[in-house]
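Worksheet: one structure, shown below.
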2 protein chains.
Amino acid sequence: MSKKKGDKKAKPGKKKDHAGLSVVDLAPTITHAARSMRTALTRSLGESGLYAGQDGVILALAEEEGMTPGQLALRLGVKAPTMTRTIGRMEAQGFLERRADETDGRLTKVFLTHNGLKTVEQIGRSVSECGEQAARGLSDKEVRTLLKLLKLVEQNLQPAQEEDQDSLDD
Amino acid sequence: MSKKKGDKKAKPGKKKDHAGLSVVDLAPTITHAARSMRTALTRSLGESGLYAGQDGVILALAEEEGMTPGQLALRLGVKAPTMTRTIGRMEAQGFLERRADETDGRLTKVFLTHNGLKTVEQIGRSVSECGEQAARGLSDKEVRTLLKLLKLVEQNLQPAQEEDQDSLDD
DNA sequence: CTTGTCGCCCTTTTTCTTGCTCATCGACTC
DNA sequence: GAGTCGATGAGCAAGAAAAAGGGCGACAAG
């Protein structure tokens, strides 16, 4: 196989860039890794009858019942319409149910059904073993480093990340 | 199973420091970061008239014309059907064209059109600035570390990467 | 040596889901 | 009553799995 990447932007600097890795590889690499992760997760999650993307909803709800779609979306990092549809499908699948808030008619609260509750530990297992497979051969320290860098990248990419130090909470 | 460094189960709150980061966070964190990256890339790529996922096809073809859908899929880490449809759409968009191989009737070769060729550098710019935004505040060394770890994760998640050869140990 | 069949490879089609953006509708607040 | 916040609907695309279509080569039978 021919490994001809990186030769187009060979930096003539005195740095010892052994592999020619730089920021231009960031997007493809993250994307590719995430795709592999998603595929692996889909396989593992399929035994529970769910799809990748639904696991987070169950786990978040297992930690805190009665969240609203907006809160769930914010927590999982997806947009509200996406969460609405995923919730709708999962409701049809019988994993959770919507309940209208009594005090505020705008809000919809989401609760796990008995069926959904049963899948929690299985999902946890799926996510765990998927993470373990991904981290095979990595030291504990390397995993923490990876997570830390990933979170920094994530923050950097937040569009509403204006550094207004004033709290904008309600 | 040759490593014994950290195969204990993820027990919350057992270790020392800041946050209880462990392998169970790997899947959500990578997923979340990749989503943010994809969203940012979609915005940037939109000016060129493309969608996230199409950029890699153009760039791969710019490096090596006449690749088959299967080769492209393998290179970009997606499944063949996905690549077929993406190619079809991009062909309709006028960025590339399909040409039947003369010697082998099974093969389809993909070539950039003049229009597609014109977008190459713009795509490169989009990917670059997106990577730079993601890497904001990270040192060069940190970026390389992140890329290295990501590639390891990616390799670990390849399903067809069984231990047919024991030389690919850690 | 010729021929026919079978199996494999590559591509494409189909169906399902997530995810985003834009737009709408209802309900609460001022 | 106007503005705003939250949830939802419609439209577009990527990605995966399963399966179908076509072509090529190998292998066996005559």
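Bear in mind the structure is a predicted one, so any value in this text is a computation, not a measurement. Every chain is numbered from 1, with letters handed out A, B, ... down the list of sequences.
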- Would you mind telling me which residue lines up with the more 5' stretch of DNA chain C, A/V78 or A/R89, judged by nearest nucleotide? A/R89

- Can you tell me if the side-chain N/O atoms of A/Y51 get under 4.0 Å from OP1 or OP2 in C/dT18? no

- Message: I need the CD-P distance between B/E102 and D/dC24, as an integer number of Å.
- Response: 12 Å

- Task: Calculate the interatomic distance between A/K79 atom NZ and C/dC20 atom P; express it in whole Å.
- Result: 6 Å

- Query: So B/Q71 and B/E64, side chain to side chain donor-acceptor pair (under 3.5 Å) or not? Walk me through it.
  - Reply: CA-CA 11 Å; B/Q71 289 174 321; B/E64 189 175 341; 5.5 Å; no

- Query: Nearest-Å distance, CG (A/D101) to C1' (D/dA7)?
  - Reply: 13 Å

Sort me out a list of protein N/O and nucleotides 9-11 of chain D N/O pairs below 3.5 Å, or just none if empty.
none

- Item | Sub-4.0 Å heavy-atom contacts from residues 52-73 of chain A onto DNA chain D, ordered by number | A/T68, A/P69, A/G70

- 5'-most by nearest nucleotide on DNA chain C - A/T82 or B/A80: B/A80

- Task: Please tell me which of B/R38 and B/G105 maps to the more 5' nucleotide of DNA chain D, matching each residue to the nucleotide holding its nearest heavy atom.
- Result: B/R38

- B/L50 CG - D/dA13 C1' separation (whole Å): 12 Å

- Query: Could you give the CE-to-C1' distance, from A/M83 to C/dT21, as a whole number of Å?
  - Reply: 17 Å

- Message: Using a 3.5 Å distance criterion without hydrogens, assess whether the side chain of B/E63 forms a donor-acceptor pair with backbone atoms of B/L59.
- Response: no

- Item | Nearest-angstrom distance from the residue atom CG of A/L107 to C1' of D/dT4 | 14 Å

